[in-house]
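Report on the structure given below.
Start at 1 with the first residue, then count along the sequence.
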Amino acid sequence: MGVRLPLKPKQNEPSLQPSSKRARIEDLPPPTKKLTPELTPMVLFTGFEPMQVQQYIKKLYILGGEVAESAQKCTHLIASKVTRTVKFLTAISVVKHIVTPEWLEECFKCQKFVDEQNFVLRDAEAEVLFCFSLEESLKRAQVAPLFKGKYFYITPGICPSLSTMKAIVECAGGKVLSKQPSFRKLMEHKQNKSLPEIILISCENDLHLCREYFARGIGHQKSLQQEYS
């Protein structure tokens, strides 16, 4: 139990903040095929330029697939590499497949949705950098959400934003507390194993909000990034 401080982003490190650019999907052709809901891929794209996403979405619609409204409803995430975008960090906890754009291109070529196995995203450089296995992370997430049974309190000055952190935590099965827990409540949850663990996430600008915790012996621990790996 302790306060976890996210690592400061390194220079040139992909941002967690969602891009302000969004692909325009108005006037796209309606699906030419009607699939049953259980066979309809619900797709999100991350790490691509808006115009490229628009072209991908056109092909997806023609095949009968749909763009997911949120990560929680997503079955397929299409990416060319591992990124620290909001879509990637939320979808990794809930999607069945993370595939490369070649999967969609092959589907369009065959005019049907093909098996994803040959198009699974592999990014050895990122896996070494972040010390994780994407394949193992997906398997673990499908067995049990990473943050299941854990409560989080996120201080308001956190960067990335509170809403972003909340989305990442909740997709991984955690619950975000709206009210800052007292030291007494923290100790109650620590001593009673039947109660959920409470994890505090803060930043340097909000350390004054954690002064009581530090004074009573709750210190810094590893970052959320390390926890997620």
Side-chain angles (χ1 to χ4, degrees), residues 1-25 42-50 53 67-74 77-79 81-95 98 126 129-130 132 134 137 141 145-182 185-186 196-214 218-229:
M1 179 180 66
V3 180
R4 315 224 172 166
L5 303 179
L7 294 178
K8 293 182 179 178
K10 298 178 180 178
Q11 189 174 7
N12 299 326
E13 188 174 48
S15 171
L16 278 166
Q17 297 295 341
S19 171
S20 59
K21 297 180 180 178
R22 296 187 181 276
R24 298 183 60 187
I25 60 174
M42 305 298 290
V43 181
L44 284 177
F45 302 87
T46 188
F48 303 103
E49 293 296 325
V53 173
V67 176
E69 296 178 359
S70 64
Q72 287 89 338
K73 297 181 179 180
C74 179
L77 178 68
I78 296 181
K81 60 182 180 179
V82 172
T83 62
R84 294 176 65 207
T85 61
V86 177
K87 286 181 180 178
F88 202 103
L89 292 179
T90 51
I92 194 174
S93 297
V94 294
V95 297
I98 299 182
L129 177 63
F130 296 120
F132 85 115
L134 181 58
S137 293
L146 179 64
F147 295 146
K148 181 180 180 180
K150 297 180 186 294
Y151 286 178
F152 290 78
Y153 177 71
I154 304 171
T155 57
I158 199 75
C159 182
S161 68
L162 176 58
S163 61
T164 295
M165 294 294 288
K166 187 172 186 288
I168 293 171
V169 167
E170 290 182 342
C171 278
K175 178 180 179 180
V176 176
L177 302 174
S178 58
K179 182 179 179 181
Q180 183 170 354
S182 64
K185 187 174 184 66
L186 286 179
E197 177 185 6
I198 297 179
I199 298 172
L200 305 174
I201 302 179
S202 191
C203 58
E204 291 184 7
N205 290 338
D206 283 348
L207 290 185
H208 62 284
L209 299 175
C210 307
R211 191 173 297 136
E212 181 186 5
Y213 305 138
F214 297 147
I218 298 179
H220 295 188
Q221 291 189 10
K222 60 186 177 180
S223 71
L224 179 61
Q225 176 180 314
Q226 291 170 308
E227 176 77 14
Y228 218 99
S229 297

Item checked: Sole residue of Thr155, Leu186, Ile154 in side chain to side chain contact (heavy atoms under 4.5 Å, CB included) with Leu200 -> Leu186

Next item on the list: Report yes if some heavy atom in the side chain of Leu209 is under 4.5 Å from a heavy atom in the side chain of Ser202; otherwise report no.
Entry: no

Note to self: Measuring only between side-chain heavy atoms, which start at C-beta, is Thr83 closer than 4.5 Å to Thr46?
What the structure shows: yes

Item checked: Student check: side-chain heavy atoms of Leu207 and Phe214 closer than 4.5 Å -> yes

Notebook entry, point to check: Would you say Arg84 and Phe130 make side-chain contact, with heavy atoms under 4.5 Å?
Noted result: yes

Check: Ile78 and Phe48: side-chain contact (heavy atoms from CB on, under 4.5 Å), yes or no, with the steps?
Finding: CA-CA 9 Å; Ile78 296 181; Phe48 303 103; 4.1 Å; yes

Next item on the list: Please lay out, stage by stage, how Tyr153 and Ile201 fare under the test side-chain contact (heavy atoms from CB on, under 4.5 Å).
Entry: CA-CA 6 Å; Tyr153 177 71; Ile201 302 179; over 6 Å; no

Check: Does the side chain of Thr164 come within less than 4.5 Å of Leu89's, by heavy atoms?
Finding: no

Margin query: Test your reading of the model: is there a side-chain donor-acceptor pair from Asp206 to the backbone of Gly157, 3.5 Å cut-off?
Written below: yes

Checklist line | Leu77 vs Phe45 side-chain heavy atoms within contact, under 4.5 Å | finding: no

Margin query: For a 4.5 angstrom cut-off between non-hydrogen side-chain atoms, does Met165 reach Pro160?
Written below: yes

Next item on the list: In sequence, state the C-alpha distance, the side-chain angles, and the governing distance for Leu134 and Ile98, and then conclude on side-chain contact (heavy atoms from CB on, under 4.5 Å).
Entry: CA-CA 9 Å; Leu134 181 58; Ile98 299 182; 4.0 Å; yes

Checklist line | Phe88 and Val82, any side-chain heavy atoms less than 4.5 Å apart | finding: yes

